Amino acid sequence: GKGFVVTAFVGLKVPGVLKHSLAMPAWMLLFAVLRSSMLRGALATLNQAHVSLLNVVQETCSKYQLIVEYAARPKMVDIFSKTAAEVESAFNGAEVVVSHNNLAGHILAPLYIGLHIAYNASHVLDGGMSLGVFMTSVAVYKKLAQVYTEFYSIFMAVSGSLGAFKKCVEAYNMETELKGRKELNRKRRAATHATRKEILGKIAGHQFSDTGAVVFRTDMIDIRLENVCWSYGADLIFHNVNLSQKLGGIVAICGPHRSGKATLMRLLSASILTKSGTVFVPSHLRTLYIQQELVFLDRSAWENLTFGFPGAAPKIVKDVLLGLGLHDIWTIVLQDLDELGCPYTQQDDDDYLGSASPVQRRKTTMHPPMPGVGRTNKAGWLSSLTHGEKAKVNLARALIMNPEVLLLQRPLCHFDNEQFNEVLNILVQHVDQRGYKMPRETSIYRRPRTLFFNPIFKSELEIANTYWYINSAERNVDVVPKSDLASISLLGDRNVQRIWSQITATVQ
């Protein structure tokens, strides 16, 4: 508004000055366009330096124990100092660019006033221009320069933000997996419906297993891989894989190092989507993939354990934890429940066990999701746990969720010899009881549990009843008998490890 008023006044009172002053915004716009890319580059460098410094601080705090163990505090100080120096250098560079940009506006008025005096002073002396118009023109040039400088400052501020804004726009508009997952869900539902309809047409009434348990016809739908291909860039991992697996059972996925065992499990769980082909898991089944690394939220024990099943009853959490020998963790959970204002009592067990039917029992299990615990250090409970206990908590979280299809990457690599067989038996119970620590008398009402896992010791093969072997040469997966795996040297021997541990302990 101010600029419009000033320009209109000048145009009416001093039209000659207006004609020359219009060159001001043109020159400033040209200068701004030429300098804007330099400003964006300087600010981008400064932002990247700030991010690097924050990453150094975060990594130092989160991995401080590693730094202490290697006595590397001086090294981290050097890294911090170097990164801080880079931030200072980037800041100085950005300040120089900003200062030069701002000076362009401030020198405009003196430049025009100087040119006006040099060019029109002689006209005042010879009477071609009155002294009043001469002096008024000086004031007008000064005022117009101030107005245009404000516009220029705004333009440069906006221009400096365009680099970050452009990255935000690109990030917000990046392609996501939403369409692919939506399409996968629809295909699975359609295939489940068609397969179920086909089975219902072929088989009349429910079937019975060898143990006499009822086999519902919907549970006869197999997990299938049809012409599945997958590659990491130009590195082909799988090519036209075709497999099927009946529900209920334990599948050991074996193969050479870097053959794609974890990738295959991630494809089955839909953690990643196929490049081509179909991975079919009946749409009514829940799948859960647990990687080898132990990952926990910065939350309470209760929230970590019930993360996959927020409505879990304390009775379920208690049975799973005690079954894994995690008595101390159950004590911590009791403290969490007390702080939530939902103290655990024997009545909780009675309400759960006294449900008249499996449907009511399921409703009793479904507690409302509980909010966060009020302690300031919610993850402090993790610091007192051994590595084996953390691995058990990680497994307990999966068993509490109790998915129909559970995929575990090297689930037994975290445990010593004593815990090894214990956890191995728990995995078998999870499949046999259709949920670990779930009531046996109601197992016929639950769907079969299927376990896929990646063994690293030959003794782990004993619990499996199906063996998938990844043939890295042919980029394919074969169902093989257990005898074919006996000669695979990539699978270690747990007994050898136990003997070596005994020898080491004796020497010490």
Side-chain angles (χ1 to χ4, degrees), residues 175-196 198-199 218-292 403-411 447-455 464-482 484-485 488 490:
E175 185 178 0
T176 66
E177 294 183 337
L178 180 61
K179 290 184 178 180
R181 293 190 177 280
K182 184 177 181 180
E183 181 181 358
L184 174 65
N185 180 266
R186 290 182 173 179
K187 286 182 177 180
R188 285 186 173 182
R189 284 188 295 167
T192 300
H193 178 75
T195 307
R196 183 175 182 274
E198 180 183 354
I199 292 175
T218 304
D219 295 334
M220 297 180 184
I221 303 176
D222 295 346
I223 297 172
R224 301 192 301 269
L225 289 84
E226 300 171 347
N227 300 318
V228 172
C229 298
W230 177 264
S231 61
Y232 287 105
D235 187 11
L236 182 63
I237 306 299
F238 298 119
H239 179 66
N240 289 340
V241 176
N242 290 276
L243 283 172
S244 66
Q245 172 61 36
K246 296 183 180 299
L247 301 182
I250 301 178
V251 181
I253 300 179
C254 308
H257 179 58
R258 297 183 62 85
S259 60
K261 298 181 287 295
T263 300
L264 181 58
M265 286 193 283
R266 293 177 67 196
L267 288 169
L268 286 166
S269 65
S271 297
I272 54 176
L273 304 180
T274 57
K275 306 283 185 178
S276 64
T278 302
V279 176
F280 171 69
V281 178
S283 58
H284 54 276
L285 301 183
R286 298 168 300 156
T287 61
L288 176 63
Y289 169 68
I290 304 296
Q291 63 183 4
Q292 178 181 342
E404 287 79 16
V405 181
L406 180 59
L407 305 104
L408 304 175
Q409 181 192 18
R410 299 180 178 178
R447 297 199 180 280
R449 274 20 180 199
T450 307
L451 171 65
F452 294 86
F453 77 106
N454 167 213
N465 42 45
T466 304
Y467 306 93
W468 288 5
Y469 182 75
I470 300 177
N471 189 329
S472 55
E474 298 182 2
R475 306 292 192 268
N476 216 309
V477 185
D478 302 316
V479 179
V480 299
K482 180 183 174 183
D484 286 3
L485 299 175
I488 296 177
L490 291 170

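Please read all numbers here as calculations on a predicted model, not as lab measurements.
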Determine the minimum heavy-atom distance between [X] and [Y], stating which atoms define it.
X: G260; Y: F238; result: O-CZ, 3.3 Å
X: A262; Y: Y289; result: CB-OH, 3.7 Å
X: R188; Y: V281; result: CD-O, 3.5 Å
X: P282; Y: I221; result: CG-CG2, 3.7 Å
X: P448; Y: L247; result: CB-C, 4.0 Å
X: I237; Y: S259; result: CG2-O, 3.7 Å

Is there a side chain to side chain contact (heavy atoms under 4.5 Å, CB included) between E175 and E177 once you walk through the steps? CA-CA 7 Å; E175 185 178 0; E177 294 183 337; over 6 Å; no

Quick one: does any side-chain atom of [X] pair with a main-chain N or O of [Y] as donor and acceptor, under 3.5 Å?
X: Q292; Y: Q409; answer: no
X: K261; Y: P256; answer: yes
X: R181; Y: K179; answer: no
X: E404; Y: R286; answer: yes

Distance from [X] atom [atom1] to [Y] atom [atom2], nearest 0.5 Å?
X: R266; Y: W230; atom1: CZ; atom2: CH2; answer: 7.5 Å
X: L407; Y: F452; atom1: CG; atom2: CZ; answer: 6.0 Å
X: I250; Y: T450; atom1: CD1; atom2: OG1; answer: 9.5 Å
X: R196; Y: M220; atom1: CZ; atom2: CE; answer: 12.0 Å
X: N476; Y: I470; atom1: CG; atom2: CD1; answer: 10.0 Å
X: L406; Y: S269; atom1: CG; atom2: OG; answer: 10.5 Å

Any side-chain heavy-atom pair from [X] and [Y] closer than 4.5 angstrom?
X: V228; Y: V477; value: no
X: L285; Y: R447; value: yes
X: I223; Y: L268; value: yes
X: T192; Y: H284; value: yes

Before you tell me yes or no, could you show the steps for W468 and L225 under side chain to side chain contact (heavy atoms under 4.5 Å, CB included), namely the whole-Å CA-CA distance, both residues' side-chain angles and the distance that decides it to 0.1 Å? CA-CA 12 Å; W468 288 5; L225 289 84; 4.0 Å; yes

Check step by step if side chain to side chain contact (heavy atoms under 4.5 Å, CB included) holds for N227 and N242. CA-CA 5 Å; N227 300 318; N242 290 276; 3.2 Å; yes

I'd like to know whether CZ of R224 has more than 12 heavy-atom contacts from other residues, nucleotides or ligands below 6.0 angstrom.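 Yes, because the 6.0 Å sphere around CZ of R224 holds more than 12 heavy atoms from other groups.
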
Applying side chain to side chain contact (heavy atoms under 4.5 Å, CB included) to C229 and N240, what does each step give before you reach the verdict? CA-CA 5 Å; C229 298; N240 289 340; 3.5 Å; yes

Does one side chain, of N185 or R189, offer a donor that lies under 3.5 Å from an acceptor on the other?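 Present: a donor and an acceptor within the cut-off.
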
Test: E183 and K187 ion pair at under 4.0 Å: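 So E183 pairs with K187 through a salt bridge.
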
